[in-house]
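Step one of this worksheet: look at the structure below.
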Amino acid sequence: MVRKYYTLTFLDELFFTLPIWLIFGKQYLGISYLAMVLVFSMPRYFFAGLLQVPCGAWADRHGRKHAYLIGTALVFMWLCCYLLTKDLLLLALIAPGYAIGIAFRGGSLDAIMSSAAERDESTPFRHLASNRTTCFYLGRVVASATGGALYAWDERAPIAATLLASAVSFVIGLTIPNSTHVVNRANRQTLRSITRDATRALHERKGTWTFLSLYAATFVAAEIVWLSYQPLFTQRGVGFASLGIAFAVFSLLSAVGGQLGKQLMTRFDIIVIVRIVLVACGISAGLLALLPGAWVLIGTLPLQVSFGFLGPLGTTVLAARSPEAVRAAALSFEELIIGCALLIAGVVGALLLDHYSPLCLVGTGALVVVFTLSATLGESLRELADSRPPTKTPFS
């Protein structure tokens with residue numbers, strides 16, 4: 001059954017517009033980078049983040065399978081509209097439905113996998129989380145490798161391909177269990193009480209919110225540097241197909257990073273792993289600024305590999321700190337934090353790209369790295385620095 005979850009993770013990341021999405025907005029829709037972020041990234045990252053916790057609580061009460069299917073159906077309908085119209089106002093009006101879909105789909109799949117780990121203790125949760133991160137980036141590999149070529153062939157082809165992947169996800173989603181043993185317990189609770197219980201469970205574990213704040217800042221730093229890739233490469237004459245292949249390689253490196261992440265979690269504490277990601281991000285920012293011509297591609301390697309560490313880290317830490325009955329709601333806090341972080345990075349990055357050189361974006365990312373890395377040196381993180389995912393539970 002776990003293989004189905006890996007398959008769904010892979011399919012959910014088949015967004016074929018990914019390798020050229022900034023350029024896609026500029027050329028296909030004729031809008032600025034900031035408008036692109038506000039219309040497309042804000043629903044996915046901010047509103048979906050705000051809705052993630054109540055949607056996760058709904059999934060805990062009514063079943064994770066139902067939540068996943070509702071989310072996939074809403075994403076499918078949004079993609080249909082995206083395929084059929086270029087009307088920016090209409091796309092903005094239907095964006096809340098897309099946000100709700102992402103919110104339903106996100107935490108529910110994590111919680112289903114977490115339940116599977118509890119039923120089969122032979123599969124440690126950090127392995128599930130790392131493998132899922134690998135599948136996540138492998139989906140991006142396929143989408144990136146073909147997305148640029150599809151766009152060069154027909155401007156609507158990447159959207160149509162994404163629509164097909166979403167339809168396949170829905171069909172496979174019909175075959176997964178609905179976690180009925182969780183539903184029977186949770187049905188006696190209201191959505192408010194489930195959310196409260198999930199919040200309390202995380203609050204009782206010291207260092208959780210400190211970790212989430214640091215986690216968010218690390219995502220902001222990495223995302224700002226990552227946003228500079230597309231305009232920087234195209235500025236140097238890289239074509240759509242080549243850009244897609246480059247992003248496929250980047251995603252493959254992040255998939256490898258996901259596998260390395262589960263090994264790091266057995267050897268180092270949380271703060272050390274976060275520092276590794278930040279240092280790698282800083283190195284990438286420096287190389288992007290200094291390397292000439294096509295050599296600039298080398299500058300992305302440290303960030304892409306280390307970026308894969310973050311996926312299994314956040315999911316494993318929160319899963320280990322929350323009871324199974326409210327796990328979808330608890331894991332939704334991770335999506336909320338990441339969503340807000342990515343939106344902040346997106347708005348800052350878009351404003352800089354609309355008015356300045358991509359290298360200005362690289363410099364800003366480097367500054368965020370320095371400030372965040374400095375925050376990890378504080379005494380307040382001492383308790384968190386010694387914490388690792390438990391080694392004698394299903395989440396080890």
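All heavy atoms count here, side chains included; hydrogens, waters and symmetry mates do not. Position 1 is the first residue of the sequence; numbering continues from there. The structure presented is a predicted model; accordingly, all values stated were derived computationally and were not measured.
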Between the CG atom in Leu11 and the SG atom in Cys135, the distance rounded to the nearest 0.5 Å is 10.0 Å

Would you find a donor on one side and an acceptor on the other, under 3.5 Å apart, between the side chain of Lys65 and the backbone of Leu174? yes

Without swapping roles, check the side chain of Thr208 against the backbone of Leu202 for a donor-acceptor pair under 3.5 Å.
yes

Exercise. Give me the ring orientation class for Trp58 and Phe104: parallel if the planes are under 30° apart, tilted from 30 to 60°, perpendicular past 60°.
Key: perpendicular

Scanning both residues in full, the closest heavy-atom pair of Phe309 with Ile273 reads CB-CG2, 4.2 Å

After noting the C-alpha distance and the side-chain angles of Val75 and Tyr98, does the key distance pass the side chain to side chain contact (heavy atoms under 4.5 Å, CB included) rule? CA-CA 5 Å; Val75 171; Tyr98 172 62; 4.3 Å; yes

Check: Should the heavy atoms of other residues, nucleotides or ligands under 6.0 Å from CH2 of Trp209 be counted, would the total exceed 12?
Finding: yes

Exercise for review: Check the pair Phe211 / Ile337 against side chain to side chain contact (heavy atoms under 4.5 Å, CB included), numbers first and verdict last.
Suggested key: CA-CA 11 Å; Phe211 164 72; Ile337 295 298; over 6 Å; no

- Query: Between Phe219 and Tyr215, is the ring centre distance below 6.0 Å?
  - Reply: yes

For Ile224 and Ala345 the tightest heavy-atom approach is CG1-CB, 3.7 Å

Query raised in the report: Does the Thr364 side chain pair with the main chain of Cys360, one donor and one acceptor, at a distance under 3.5 Å?
Result: yes

Practice item. Answer yes or no: is there a donor N or O on one side and an acceptor on the other, between the side chain of Thr72 and the main chain of Leu69, under 3.5 Å? Key: no

Thr7/Val168 under side chain to side chain contact (heavy atoms under 4.5 Å, CB included): CA gap, chis, key distance, verdict:
CA-CA 10 Å; Thr7 301; Val168 175; over 6 Å; no

Exercise. Would you say the side chain of Val256 lies within less than 4.5 Å of the side chain of Tyr137, judging by non-hydrogen atoms?
Worked result: no

Determine, stepwise, if the pair Arg105 / Ile102 fulfils side chain to side chain contact (heavy atoms under 4.5 Å, CB included). CA-CA 5 Å; Arg105 197 169 70 175; Ile102 293 294; 3.8 Å; yes

### Query
With no hydrogens and no angle check, is any side-chain donor or acceptor of Ser284 less than 3.5 Å from a backbone partner on Leu303?
yes

- Query: Are any non-hydrogen side-chain atoms of Arg200 and Asp197 less than 4.5 angstrom apart?
  - Reply: yes

Rounded to the nearest 0.5 Å, the CG atom of Leu214 sits from the CG atom of Leu373 at a distance of 9.5 Å

ask   = Side chain of Ser169, backbone of Leu8: donor and acceptor closer than 3.5 Å?
value = no

Closest non-hydrogen atoms of Cys281 and Val225, given as atom of the first, atom of the second and distance, are SG-CG2, 3.7 Å

**Request:** Consider only side-chain heavy atoms of I, L, V, M, F, W and Y, link residues closer than 4.5 Å, and tell whether Val272 and Leu313 are in one cluster.
**Result:** yes

In this structure, CG of Asp12 is separated from OG of Ser166 (nearest 0.5 Å) by 7.5 Å

task: Give a yes or no on whether Leu287 and Leu290 share a hydrophobic cluster (residues Ile, Leu, Val, Met, Phe, Trp, Tyr; joining criterion: side-chain heavy atoms under 4.5 Å apart).
output: no

Item checked: Cluster link Met77 to Leu164, ILVMFWY, side chain under 4.5 Å -> no

Closest non-hydrogen atoms of Ala221 and Leu278, given as atom of the first, atom of the second and distance, are CB-CD2, 4.3 Å

Here the gap from Thr146 atom OG1 to Leu14 atom CG, rounded to the nearest 0.5 Å, amounts to 8.0 Å

Shared hydrophobic cluster, Leu361 / Leu367 (ILVMFWY, side-chain heavy atoms < 4.5 Å):
no

Same apolar cluster: Val362 and Tyr356, side chain cutoff 4.5 Å | yes

Between the CZ atom in Arg275 and the OG1 atom in Thr218, the distance rounded to the nearest 0.5 Å is 11.0 Å

Value for CD1 (Ile159) from CG (Leu150), rounded to nearest 0.5 Å, stands at 11.0 Å

Thr134 and Ala255 have their tightest heavy-atom pair at OG1-O, 3.1 Å

Ala143 and Phe15 have their tightest heavy-atom pair at CB-O, 3.5 Å

